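Here's the structure, in structure tokens; my notes come after.
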There are 2 protein chains.
Amino acid sequence: MTEVTRPRMTRQRQAILDALDGGGFRSAQDWHDHLRHDGASIGLATVYRSLQHFAESGDVDTVVTASGETLYRRCEQPEVHHHHLRCRNCGAAVDIDIPDLESVTNRIAAQHGYTDVDHTVELIGVCADCTKVSGAKASG
Amino acid sequence: MTEVTRPRMTRQRQAILDALDGGGFRSAQDWHDHLRHDGASIGLATVYRSLQHFAESGDVDTVVTASGETLYRRCEQPEVHHHHLRCRNCGAAVDIDIPDLESVTNRIAAQHGYTDVDHTVELIGVCADCTKVSGAKASG
DNA sequence: TGGAGGGTGATAATCATTGTCAAACTGGAG
DNA sequence: CTCCAGTTTGACAATGATTATCACCCTCCA
């Protein structure tokens with residue numbers, strides 16, 4: 001178990017990390033698009049793999065949309081468990097902390113006899129900028 | 001907008017609703033499997049469509065797993081917003097309520113200028129039964 | 001510089017889900 | 001009960017995201 005495969009820094013990975021700095025949650029294919037527009041020559045499969053590796057090593061955050069797409073973003077706090085408030089329109093996101101959430105969920109889980117509990121929390125809304133742009137648009 | 005298409009009760013839909021009473025979150029394909037084993041003759045596409053219709057009408061709850069699969073379950077409280085504590089092993093789930101979550105998330109969203117905010121919360125662990133079965137199994 | 005092994009990328013494959021469309025079925029009218 | 005209209009069904013193709021393949025390329029260490 002002491003054999004750790006250390007990552008190599010290739011042009012592609014560097015380009016991905018660079019693109020990631022643009023901020024916002026985007027799908028692998030979106031990032032791929034972004035990279036190509038940026039002039040980078042990189043394959044879609046490579047983007048998927050790299051993004052996954054980064055996610056595993058904690059360098060990027062991932063969320064799964066309701067449609068099943070996985071979105072990736074540069075993680076700002078690799079070590080701290082946190083949640084996101086994401087704009088459903090532009091993908092912008094801010095890290096948030098929900099006080100006591102951990103303890104509350106742990107307690108609830110314990111009450112029901114559940115162990116090894118993990119939780120997923122996502123807040124999805126419309127950011128200030130997009131709210132301005134779309135005006136008083138009512139979605140439903 | 002006053003034209004509402006009212007659903008017809010077909011053998012297939014009845015079978016699905018019946019199977020749904022078995023409880024637990026399962027994927028459309030799982031339910032389809034279950035139905036076939038149950039002796040029902042029903043197509044996969046029909047299961048998907050019916051489940052979606054039920055979901056839209058609020059009769060079933062849906063959650064999306066990390067792998068992008070959509071899971072369905074008979075909804076017990078169609079009108080009340082609630083969350084789930086689900087067993088990652090057997091799919092069993094209990095409805096839970098997280099006190100003050102709504103107000104907390106709304107406040108946080110407002111602080112960041114987000115509007116029209118919705119939230120997703122899922123607790124995933126191992127239920128008491130599965131914990132017993134698998135013993136003191138450590139996953140990591 | 002040379003070698004070893006991970007990394008890359010075009011493409012096929014996989015998997016869940018949706019679209020298609022003719023035939024079967026449900027529910028109400030006559 | 002019979003007929004009709006419109007829904008629903010189901011087999012299968014199509015879609016779309018993601019993963020596996022696999023031979024060639026490149027990074028990193030000695």
Side-chain angles (χ1 to χ4, degrees), chain A residues 1-20 24-57 59-73 91, chain B residues 2-20 24-57 59-73 88 91:
Chain A
M1 54 165 71
T2 53
E3 275 308 333
V4 286
T5 306
R6 87 203 68 96
R8 289 185 183 173
M9 189 46 59
T10 62
R11 180 205 343 283
Q12 289 88 339
R13 297 204 172 179
Q14 192 54 63
I16 291 175
L17 287 176
D18 204 52
L20 244 27
F25 273 102
R26 298 186 176 203
S27 67
Q29 306 204 33
D30 268 2
W31 284 123
H32 179 242
D33 244 38
H34 191 70
L35 285 160
R36 307 283 279 214
H37 285 166
D38 223 52
S41 175
I42 187 171
L44 181 56
T46 299
V47 174
Y48 271 104
R49 275 181 304 225
S50 301
L51 247 18
Q52 278 165 16
H53 289 166
F54 290 149
E56 277 170 35
S57 61
D59 291 321
V60 309
D61 271 344
T62 65
V63 298
V64 179
T65 69
S67 62
E69 266 185 320
T70 301
L71 307 183
Y72 303 83
R73 187 184 75 149
Chain B
T2 54
E3 277 308 334
V4 286
T5 306
R6 89 204 65 96
R8 288 186 184 173
M9 190 45 61
T10 62
R11 181 206 340 283
Q12 290 88 338
R13 296 204 172 179
Q14 192 54 64
I16 292 175
L17 287 176
D18 205 52
L20 245 27
F25 273 102
R26 299 186 175 202
S27 67
Q29 307 204 33
D30 269 1
W31 284 123
H32 178 242
D33 244 37
H34 191 71
L35 285 160
R36 307 283 280 212
H37 285 167
D38 223 52
S41 175
I42 188 171
L44 181 57
T46 299
V47 175
Y48 271 104
R49 276 181 302 226
S50 301
L51 247 19
Q52 278 165 16
H53 289 167
F54 291 147
E56 277 171 34
S57 61
D59 290 320
V60 310
D61 271 345
T62 66
V63 299
V64 179
T65 68
S67 62
E69 265 186 319
T70 301
L71 307 184
Y72 302 83
R73 188 185 75 150
R88 86 179 87 227

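All values derive from a computational prediction rather than experimental measurement. Atom set for the values below is all heavy atoms of this structure, side chains included, hydrogens, waters and symmetry mates excluded. Residue numbering restarts at 1 for every chain, and letters A, B, ... go by the order of the sequence lines.
Between A:Gln12 and D:dC26 there is no side-chain polar atom (N or O) within less than 4.0 angstrom of OP1 or OP2. Phosphate contact (OP1/OP2 of C:dA16, side-chain N/O of B:Ser67, threshold under 4.0 Å): absent. Contact annotation: A:Thr10 does not reach the phosphate of C:dG6 (side-chain N/O to OP1 or OP2, under 4.0 Å).
Residues A:Arg8 and A:Arg13 are not in side-chain contact: their nearest non-hydrogen atoms beyond the backbone lie 4.5 Å or more apart. B:Gln29 is not listed as a side-chain neighbour of B:Glu69, based on a closest heavy-atom distance of 4.5 Å or more. Contact annotation: the side chain of B:Ile16 never approaches that of B:Trp31 to less than 4.5 Å [non-hydrogen atoms, C-beta and beyond]. The shortest side-chain heavy-atom distance between A:Tyr72 and A:Val63 does not fall under the 4.5 Å cut-off. In this structure the side chain of B:Arg73 never reaches within 4.5 angstrom of the side chain of B:Leu20, judged on heavy atoms.
Of the possible donor and acceptor atoms, none in the side chain of A:Thr46 sits under 3.5 Å from a partner among the backbone N and O of A:Ile42.
Residue contacts for B:Thr46: at a heavy-atom cut-off of 4.0 Å it reaches a base atom on one of the strands shown.
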Can you build the contact string for nucleotides 17-22 of chain D? Use B for base contact, S for sugar-phosphate-only contact, and - for no protein heavy atom under 4.0 Å.
SBBBB-
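Separating the CD atom of A:Gln14 from the P atom of C:dT8 is a distance of 12 Å, rounded to the nearest angstrom. In this structure, CZ of B:Arg8 is placed 9 Å from C1' of C:dG28, rounded to the nearest angstrom. When the C1' atom of D:dC25 is taken as reference, atom CE of A:Met9 falls 17 Å away, rounded to whole Å. Rounded to whole Å, the distance from CG on B:Asp30 to C1' on C:dT17 is 14 Å. The nearest whole Å value for the distance from the CD1 atom in A:Ile16 to the C1' atom in C:dG7 is 11 Å. As a whole-Å value, the separation of B:Leu51 CG from D:dG10 P is 14 Å. Remark: P of D:dC26 and CD1 of A:Ile42 are 14 Å apart, rounded to the nearest angstrom. Summarising the geometry, the separation between CZ on B:Arg13 and P on D:dG10 is reported as 11 Å, rounded to the nearest angstrom.
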List the steps and the verdict of side-chain contact (heavy atoms from CB on, under 4.5 Å) for A:Asp61 and A:Phe25.
CA-CA 9 Å; A:Asp61 271 344; A:Phe25 273 102; 4.0 Å; yes
